[in-house]
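The next block holds one structure in the form of structure tokens; read it before the comments.
Throughout, a chain's letter reflects where its sequence line sits, starting with A, and its residues are numbered from 1.
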Number of protein chains: 2
Amino acid sequence: MKKGISKKPLDSASVCGHEDPAAVRELLTKVGDKWSIFLILSLAQLPGGRARFSELEKAIPGISQRMLTVTVRSLERDGLLTRELFAEVPLRVEYELTALGRSLLPPMWGLVDWVKENWQQVKESRTEFDAR
Amino acid sequence: MKKGISKKPLDSASVCGHEDPAAVRELLTKVGDKWSIFLILSLAQLPGGRARFSELEKAIPGISQRMLTVTVRSLERDGLLTRELFAEVPLRVEYELTALGRSLLPPMWGLVDWVKENWQQVKESRTEFDAR
DNA sequence: CAGCATCCTCAAAGATACTG
DNA sequence: CAGTATCTTTGAGGATGCTG
């Protein structure tokens, strides 16, 4: 029985099917999301693994205030980070990854590393493809 | 000098900045894409690591014919898979991952495994969050 | 400072019909 | 079979203005 080149018992059902296909797909879409990835990685590498709103805004070039708000809220809802409000003047809010959020770092690094190592090759492939 | 909880030399510049920030971001968005992930994983696990169009359509529940075409073309352009046309009747086309495409499998498995291991906990977190 | 609310745009993606 | 072409819809996301 040929099973493809997969080294893991990862058949169609376990990838797309699973117990709750829609749930797995939805979450995969989310952890694969550009802003989620940048937010989590940025937060992890900021001093103390904590950062306030404005620091995240600076750390993630190109993100709009709205998307930062939306993304951060969504990740908080998923239990990947915490939001702590300090009732000072001016207002201060600090975000920090939870244990669950930190557990996501290694897989994310894996993906980011791959991109950093291979994007040149992908670029070349595109150039060649477009020439045809 | 505190550098956050990152264990890798992954400062802001190397994640978001890099040599070509836009390129890295764009490619990350792509390899994080739902359909790209499902397509690559499905292809890898199909017998021989090869599959024809209709097989992929069956292997990826919910994908439309159009999105399958678009995704497969895009991955071919990026050099992640090859498209081989057999001029028979009826027509036959086979897709296969390239070495570059296969090199993407481990990082993808990492992400998928994380989702499969933690989506229940995420679900609980959402329920709790929504209760407030 | 750290947002929320609102309006608006445009690209991603589904549906449908047709073809080499 | 494996697409392409076209139309339509959805919603991600930007811009702007306001507030605790």
Between the CG atom in A:Leu105 and the CD atom in A:Gln45, the distance rounded to the nearest 0.5 Å is 9.5 Å

Any residue meeting side chain to side chain donor-acceptor pair (under 3.5 Å) with A:Ser36, in chain and number order, not counting sequence neighbours:
A:Asp33

How would you give the extent of chain B contacts on DNA chain C, as first and last nucleotide 5' to 3' within a 4.0 Å heavy-atom cut-off?
C:dA13 to C:dG20

Heavy-atom pair of closest approach, residues B:Pro106 and B:Ser103:
CD-O, 3.5 Å

With sequence neighbours left out, write down each residue that passes salt bridge (Lys or Arg N to Asp or Glu O under 4.0 Å) with B:Arg126, or none if nothing qualifies.
A:Glu26, A:Asp78

OH of A:Tyr95 to OG1 of A:Thr82: how many Å apart, nearest 0.5 Å?
10.0 Å

Once you round to the nearest 0.5 Å, how far does OG1 of B:Thr98 lie from CG of B:Leu75?
9.5 Å

Rounded to 10 degrees, the angle between the two terminal axes of the helix from C:dC1-D:dG20 to C:dG20-D:dC1, each from five pairs
60°

Which residues share a side-chain contact (heavy atoms from CB on, under 4.5 Å) with A:Glu117, sequence neighbours left out
A:Asp113

With sequence neighbours excluded, what pairs up with B:Ser74 under the side chain to side chain donor-acceptor pair (under 3.5 Å) test?
B:Lys30

What does the B/S/- profile of nucleotides 6-20 of chain D look like, 5' to 3', with a 4.0 Å heavy-atom cutoff to protein?
B------BBB-B--B

All N/O donor-acceptor pairs, side-chain side in residues 59-67 of chain A, below 3.5 Å, sequence neighbours left out:
from	atom 1	to	atom 2	distance (Å)
A:Ser64	OG	A:Met67	N	3.2

Go through the structure and list residues passing side-chain contact (heavy atoms from CB on, under 4.5 Å) with A:Leu91, not counting sequence neighbours.
A:Leu85

By salt bridge (Lys or Arg N to Asp or Glu O under 4.0 Å) - contacts of A:Arg50 (at least two apart):
A:Glu84, A:Glu94, A:Glu96

Near DNA chain D, which residues from residues 80-90 of chain B have a heavy atom under 4.0 Å away?
B:Arg83, B:Pro90

With sequence neighbours excluded, residues passing salt bridge (Lys or Arg N to Asp or Glu O under 4.0 Å) with A:Glu57
none

